[in-house]
Amino acid sequence: MNETMRAKARAHANIALVKYWGKRQLKLNLPDVGSISLTLEGLTTETTVHFDLRLTHDRLILNGEERPEDSKRVSEFLAGIRKTAGLSCFATVTSTNNFPTGAGLASSASGFAALALAATRAAGMDLEDAELSALARQGSASAARSIFGGFVEMSRGKKINGEDCNAYQLAEREHWPLKVVVGITSKARKSVGSTEGMLSSAKTSPFYKSWVDTHPADLSSMRDAIAEKDFGRLAEITESSCLKMHSVMMSTRPSLIFWNGVTVELMHVLTALRKEGVGVCYTMDAGPQVKAICLPEHASRVEDAMRSVAGVEDILATGMGIGACHLKDVS
Ligand code: DP6
């Protein structure tokens, strides 16, 4: 077997401060709104891709288990790479997350970023970060951001071929090394996938248009807050963007309510802490976990406060991470 038919990569999850929810085009997976995120150091996916002439179909082994139900999405993604690389054989994809999968913790972001890098390397391709990011977007739009480290923006773009829909680094993590404390309130997998939820929101939520129309102002304020290291402004826009997205989700028919009671309790606890002068704000994605973004000097106080809330199953505390990287495959 040719050495270049196998490769391994690691990518980190990311948390959006200004959220992405909605698609302007399904085939290329182009978002209807831009977004800004932080790449997280402690939440990682490691993926090995092995193109193997003996296989009759693609296989996905996720966290040690064969996952035929998830392999279709992976197989569609690999088909594009096979076409570009002129390969005709199938692959075994072995992927491990060090955090709960499919529970609103951005496992598809780190997953498709790691897969894009490992699969292209295994197929003998050596892509630039911008090209990798555009490829990762086709698997999951938030994955385009996980190719980069630190603070990352993804632009909406206008062109129908998607060439102006790009993710790029806004600032290195050293610019403003914020901390993130994640309160896990349930490890169950979510019942509605993001793609299905977004299409349904665009069709049925009466707030969808306002969500899209007010987005450019949020992106611009967030860029300024990051450049000026203005935590108060970052906190205000982060919570506002999160709550606007959840208002769209909740007003979708049938409604998409991702929170549980502990999620709401944590929101109140973190709001009270900020009133006391602690540099912290919250954000939630398509799941019930609460991500507290905080100033490094306040991280242990935030962690203690979140841990003391009844119903919090686990806490993950992390700093900001680097972009996706190629790993030496020793397995
Ligand atoms: C709620 O990237 O998972 O986490 O492109 O359909 O795969 P697809 O969606 P995905 O969407 C994640 C949306 C979000 C907010 C965000 O990360 O910006």
Side-chain angles (χ1 to χ4, degrees), residues 11-40 43 45 70 72-74 76-77 97 99-116 133-148 151-157 162 165-167 170 180 182 189-202 205 208 211-212 215 218-219 222 237-250 252 256-259 263 282-291 293:
H12 303 272
N14 69 76
I15 298 293
L17 304 175
V18 177
K19 302 293 190 191
Y20 143 59
W21 190 256
K23 297 176 194 285
R24 70 180 171 92
Q25 207 245 62
L26 197 54
K27 194 162 178 281
L28 293 168
N29 201 23
L30 303 176
D32 210 3
V33 289
S35 53
I36 294 179
S37 61
L38 303 180
T39 303
L40 303 180
L43 276 66
T45 300
D70 293 327
K72 187 169 170 269
R73 199 167 162 196
V74 167
E76 282 168 7
F77 186 77
N97 294 328
F99 59 95
T101 301
L105 277 174
S107 52
S108 67
S110 51
F112 277 102
L115 180 63
S133 174
L135 178 65
R137 186 201 69 228
Q138 295 182 37
S140 197
S142 56
R145 303 186 307 237
S146 276
I147 296 296
F148 302 95
F151 295 87
V152 182
E153 173 157 5
M154 171 142 187
S155 62
R156 175 190 188 274
C165 170
N166 306 309
L170 278 179
V180 177
V182 184
R189 281 172 80 93
K190 59 190 172 195
S191 49
V192 181
S194 295
T195 302
E196 188 190 339
M198 289 182 201
L199 297 180
S200 176
S201 290
S205 170
Y208 186 79
W211 161 248
V212 173
H215 228 79
D218 288 349
L219 290 167
M222 185 56 78
I237 307 298
T238 298
E239 290 183 357
S240 165
S241 180
C242 162
L243 295 173
K244 277 198 280 181
M245 178 181 79
H246 282 276
S247 305
V248 169
M249 291 166 160
M250 286 179 188
T252 295
L256 300 168
I257 302 179
F258 291 106
W259 303 347
T263 312
Y282 60 75
T283 188
M284 288 78 67
D285 293 293
Q289 330 305 352
V290 176
K291 292 100 179 202
I293 321 289

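For ligands, and for the atoms within them, numbers begin at 1 and follow the listed sequence.
Residue Trp21 has no N or O atom closer than 3.5 Å to an N or O atom of ligand 1. Where the criterion is an N or O separation shorter than 3.5 Å, residue side chain and backbone included, Met249 fails it with respect to ligand 1. Looking at Ser108 next to ligand 1, an N or O pair under 3.5 Å apart turns up. Polar contact check, Ser35 against ligand 1: no nitrogen or oxygen pair lies under 3.5 Å apart.
Counting the atoms of ligand 1 from 1 in the order shown, those under 4.0 Å from a heavy atom of Lys23 are 5 (O), 6 (O), 8 (P). Close contacts between ligand 1 and Ser142 involve ligand atoms 2 (O), 3 (O), 10 (P) [criterion: under 4.0 Å to a heavy atom]. Atoms of ligand 1 found under 4.0 Å from any heavy atom of Asn29, numbered from 1 in the order shown, are 5 (O). Within ligand 1, the atoms closer than 4.0 Å to a non-hydrogen atom of Thr195 are 6 (O), 8 (P), numbered from 1 in the order shown. The distance from ligand 1 to the heavy atoms of Ala16 drops below 4.0 Å at these ligand atoms: 16 (C), 17 (O), 18 (O). Residue contact check: Arg73 has heavy atoms under 4.0 Å from atoms 7 (O) of ligand 1.
Checking Glu153, Arg145, Met222, Arg156 one by one against Ser35, the side-chain contact (heavy atoms from CB on, under 4.5 Å) holds for a single residue, Arg145.
Note on Asp218 versus Lys19: no salt bridge recorded, every NZ/NE/NH1/NH2 to OD/OE distance being 4.0 Å or above.
Neither the backbone nor the side chain of Ile15 has any atom closer than 4.0 Å to an atom of ligand 1 (non-hydrogen atoms only).
Annotation: the span from Lys23 atom NZ to Leu30 atom CG amounts to 9.5 Å, rounded to 0.5 Å. How far CD of Glu239 is from CG of Leu17: 11.0 Å, rounded to the nearest 0.5 Å.
Aromatic ring pairs are classed by plane angle as parallel below 30°, tilted from 30° to 60° and perpendicular above 60°; the pair Trp259 and His246 is tilted.
Contact record, Gly162 with Leu28: N-CD1, 4.4 Å, taken as the closest heavy-atom pair.
Side-chain contact annotation: Tyr20 with Asp32, donor-acceptor N/O pair under 3.5 Å absent. Under 3.5 Å, the side chains of Ser146 and Asn14 contain a donor-acceptor pair of N or O atoms.
Distances from atom 9 (O) of ligand 1 to the heavy atoms of Met198, Arg145, Arg137 show the closest one on Met198.
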